Structure formats: structure tokens, C-alpha cells
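Notes follow once the structure below has been shown.
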2 protein chains.
Amino acid sequence: MKTKSFSDMQCSIARTLDHVGSWWSLLIIRDAMMGARRFKHFQRNLGIAKNTLTSRLNDLVAGGILERVPAADGYAHEEYVLTERGRDLAPVIIALGQWGDKWVAHEKGPSTVVTVRESGEPLPRIWPRRADGELLALNEVGMRWANGAGPITETQEKEDPS
Amino acid sequence: MKTKSFSDMQCSIARTLDHVGSWWSLLIIRDAMMGARRFKHFQRNLGIAKNTLTSRLNDLVAGGILERVPAADGYAHEEYVLTERGRDLAPVIIALGQWGDKWVAHEKGPSTVVTVRESGEPLPRIWPRRADGELLALNEVGMRWANGAGPITETQEKEDPS
DNA sequence: CCGTATCCATTCCGATACTG
DNA sequence: CAGTATCGGAATGGATACGG
């Protein structure tokens, strides 16, 4: 991000963060998922400065998250639409939103609502599941370094206590 | 974040982003999920400057994501452990990692592996599902503003082309 | 080992004015 | 409407030296 780029880290999370770019990027992606396609949509919804928005949009296009396409209705301007790469960020966006709804909700309630379209009910929490769809407890999820080492609840070392 | 705080936005995503603080925060949380508990763990794993690490850790503690606890082994130092609030960020972390694995993988492969502990197999993709666990296509997921307005694939307006 | 205190470089962002 | 150009302020992050 700032001084050091994360893109050379051998860590998918860091590489993703480096790619997405900044917090504004995620909010722009959220708005794109909500249907925003035009410069003025993003600008109005987010209250972001125009030059900043230009910069973020360019980054997202360069990163293959957004794509510039001619306006479908025949007008002169171009529009910004999510690529497959960008749509694939939906779980990240939704998970962020669900965490916020649960832990840092606004007193006036959430501004966006995510539902199962078929039933109209709120989308179940995005959460680790088994292949058959069963929810997993966190201690049933194994996180380890690719080179071996310990599970989520243990430290990676024996030696050298303080 | 920078100049403007997102915390007053009526948007769970923005509020979450504001809470988490910075990219380093998410990497620190990832490490904590991997079992890191001590200052030196984070510092070594992330290659982060000490003062920056101090600052981020303090923010995370203040935000209720991490908790300072006495070292379990009786040594003088304290350790940092995830709160429930922090553990609840697991879906975000995992989703970020999965996106990175898919789209911006490192040539040497991912550095961390997430599995179903029971079977040892890779964790299925974190993705929106119905209550019964069935995967949803993105167009089966409804995203709308809380005050009404259109679905994910439509713009929010009729007026004012150009 | 775990920080804290300075100092400094880079980046991000916002406000404003201006162009096609 | 959709940017671009310039400016300045703020936050992030790194290096280093120092204390508990």
C-alpha cells in the first residue's frame, strides 16, 4: 500500500489487498454491485472527491476489477461495470457488511440489505462450510502455513520464551 | 480512514472498514488466526516496523478485535488474542485469501492453506448460500438500499441521461 | 523482549478551478 | 456530465535510537 507494496508477498490476502488498493475501492465495488455504473452515481453515493474517484476508478480498471464499456443507451459517456474478477469479490463485500451489521451497526439500521432473491429473506451469514453445505465451527477450520507448522490455536514455536 | 472518517456513514461496510483501520490490521488479524500471539510473531511474520505494529495493535485492542492477556506460560509479557468480535472476521479474511488464490496467485503458490480440519481437504469457497446450504448464483442474491430502490443489476434512476 | 519517541518519506484524500 | 490539474493537509509507514 503505502511505502511498501504487498504484491511481492507470498500471501494471497496481502496480494488481494494490494490489488484492491484502498478502502474507497471496496466501497466503489459495493456500489457497483448495487447497480452504480456511472461516475456521478459513485460520486453522489459516496461523497468522494472527483479526482480521488477518478484515481480509484482508474486503478480498478487497471486491476481488472472494473471494465469501461460504452453506455448501453446510446449516450456518449462510458460506464463502469464489474468484471468476473470484480464480481468474485462479492463474498468479501458481503462478509464485511455482515460483520458491520452485527458489531458496529448504525443506530438507524443498515443502509443496504442483502437477501436471497427467491425468498426475500436475509442472506444467511457468509461463513465457512463443509462441501455439503454444513456450517463449520471455527475450530473445525484448519489454517496453516503452506510449509507445515501449527494450527490456528497454537503458536509456531517452542523455543525462546520471552 | 485518512481525512474523513467512515464511521458516521450509514453503511456497514464503510463502518467495518473504519473499524479495522488499515491493511496492516487485516494481516495482523490473519496472523492472529494462524496462531500468532506475541509482538515478535507479528513483527517477524509481517516484516512490519515496530512502531507501526504497536500502533496497529493498539488500534485493534481499542476496537475490541484483539485482547491483551497475560502470557499463559507465566512469563512476564502479555499476549494478543482475538476476541469473539475478531474471530468473527474469519469469513472476511478467508474470502480475501480465496480471491487472491484464484486471481492473483503467487508463482510459488499460496503461503497459507485453509482446510476442513475433519477431512483435511481445502475449504470450499466462501460464497453466498441459501439457508439450506445450497450455493447461490450472484443474480439470485438481492442487494438493495434499505430505503427501497433497485436490485443489483439495475441503476437507481430513470431521469437525466447524458 | 516489548515497546516508545523522533524524524522523515510516501501516499491518500479533499477543495477548488478549469477543460471537452 | 466526466473528468484533469494543482494545491495543501492528514494519516500511514519505515528507520533508528532509546527505555522498562
Side-chain angles (χ1 to χ4, degrees), chain A residues 1-9 14 17-18 20-28 36-62 66 68-81 155 157 159-162, chain B residues 1-9 14 17-28 36-63 66 68-81 155 157 159-162:
Chain A
M1 277 294 72
K2 307 290 165 298
T3 300
K4 164 197 285 187
S5 173
F6 289 164
S7 56
D8 52 345
M9 288 192 186
L17 295 177
D18 195 62
V20 173
S22 84
W23 295 136
W24 276 128
S25 307
L26 285 168
L27 294 180
I28 289 170
R37 305 168 64 93
R38 297 181 50 180
F39 194 90
K40 67 169 177 178
H41 295 158
F42 298 109
Q43 204 205 338
R44 192 195 314 141
N45 287 339
L46 297 172
I48 183 177
K50 287 199 294 183
N51 50 1
T52 304
L53 178 55
T54 299
S55 178
R56 296 293 131 249
L57 286 172
N58 287 339
D59 289 351
L60 290 169
V61 169
L66 289 177
R68 242 182 287 262
V69 300
D73 50 11
Y75 289 100
H77 66 269
E78 290 186 309
E79 299 188 338
Y80 298 88
V81 299
T155 61
E157 62 184 37
E159 28 54 73
D160 188 18
S162 171
Chain B
M1 279 289 71
K2 307 287 164 303
T3 300
K4 164 197 284 187
S5 172
F6 289 165
S7 57
D8 51 347
M9 288 193 186
L17 263 26
D18 194 62
H19 222 77
V20 174
S22 85
W23 294 137
W24 277 129
S25 307
L26 284 168
L27 294 180
I28 289 170
R37 304 167 64 92
R38 297 180 51 180
F39 195 90
K40 66 169 178 178
H41 295 157
F42 297 110
Q43 206 205 337
R44 193 195 314 142
N45 287 338
L46 297 172
I48 183 177
K50 287 198 295 184
N51 49 0
T52 304
L53 177 55
T54 298
S55 177
R56 295 293 131 250
L57 286 173
N58 287 339
D59 289 351
L60 290 170
V61 169
L66 289 177
R68 243 183 285 262
V69 300
D73 50 10
Y75 288 100
H77 65 269
E78 290 186 310
E79 300 189 336
Y80 298 89
V81 299
T155 61
E157 62 183 35
E159 28 54 71
D160 189 14
S162 160

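Remember, predicted model here, so these are calculated numbers, not experimental data.
Contact between the side-chain N/O atoms of B:T52 and the OP1/OP2 oxygens of D:dT12 is not found at any separation under 4.0 Å. An OP1 or OP2 oxygen of C:dT11 is reached within less than 4.0 angstrom by no side-chain nitrogen or oxygen of A:W23. Side-chain nitrogen and oxygen atoms of B:R38 include none within less than 4.0 Å of the OP1 or OP2 phosphate oxygen of C:dC1. Note on A:W24: every side-chain N or O is 4.0 Å or more away from OP1 and OP2 of C:dC12. OP1 or OP2 of D:dA2 has not a single side-chain nitrogen or oxygen of A:T54 nearer than 4.0 Å.
Annotation: side chain to side chain donor-acceptor pair (under 3.5 Å) contacts of A:N58 (sequence neighbours excluded): A:R68. A:T52 meets the side chain to side chain contact (heavy atoms under 4.5 Å, CB included) test with A:W24, A:I48, A:A49, A:R56; sequence neighbours excluded.
Residue A:N45 holds its CG atom at 11.0 Å from NZ of A:K40, rounded to the nearest 0.5 Å. Distance check, rounded to the nearest 0.5 Å: CD of B:E78 to CZ of B:F39 gives 13.0 Å. From B:T54, atom OG1 reaches atom CD of B:Q43 across 8.5 Å, with rounding to the nearest 0.5 Å. Annotation: the span from A:I28 atom CD1 to A:L57 atom CG amounts to 5.0 Å, rounded to 0.5 Å. Rounding to the nearest 0.5 angstrom, the gap separating the NE2 atom in B:H41 from the CG atom in B:L46 is 12.0 Å.
Between the C1' atom of D:dA11 and the CG atom of B:D59 lies a distance of 11 Å, rounded to the nearest Å. Between the CG atom of B:N58 and the C1' atom of D:dA11 there is a distance of 16 Å, given to the nearest Å. The CZ atom of B:F39 sits 14 Å away from the C1' atom of D:dG20 (whole-angstrom rounding). Protein atom CD of A:E79 is 11 Å distant from nucleotide atom P of D:dG3, rounded to whole Å. Between A:R44 atom CZ and D:dA2 atom P the separation is 10 Å, expressed in whole Å. Taking atom CG of B:L57 as the reference point, atom C1' of C:dG3 lies 10 Å away to the nearest angstrom. Here the P atom of nucleotide C:dT16 and the CD atom of A:Q43 are 13 Å apart, to the nearest Å. Residue B:R56 contributes atom CZ, which lies 10 Å from atom P of D:dG14 at whole-angstrom precision.
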Between the protein and nucleotides 5-7 of chain C, list every N/O to N/O distance that falls short of 3.5 Å.
{"from": "C:dA5", "atom 1": "N6", "to": "B:N51", "atom 2": "ND2", "distance (Å)": "3.4"}
{"from": "C:dT6", "atom 1": "O4", "to": "B:N51", "atom 2": "ND2", "distance (Å)": "3.1"}

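Each of A:Y80 and B:S55 lies near DNA chain D, and the nucleotide nearest A:Y80 is the one positioned closer to the 5' end.
Axis angle across the helix from C:dG3-D:dC18 to C:dG20-D:dC1, with five pairs used at each end and values rounded to 10°: 40°.
Using a 4.5 Å heavy-atom cutoff, the side chains of B:F42 and B:L27 are not in contact.
Nearest heavy-atom pair across A:L17 and B:L26 is CD2-CD1, 3.9 Å.
Within the 4.0 angstrom heavy-atom criterion, no nucleotide atom of any strand lies near A:F42.
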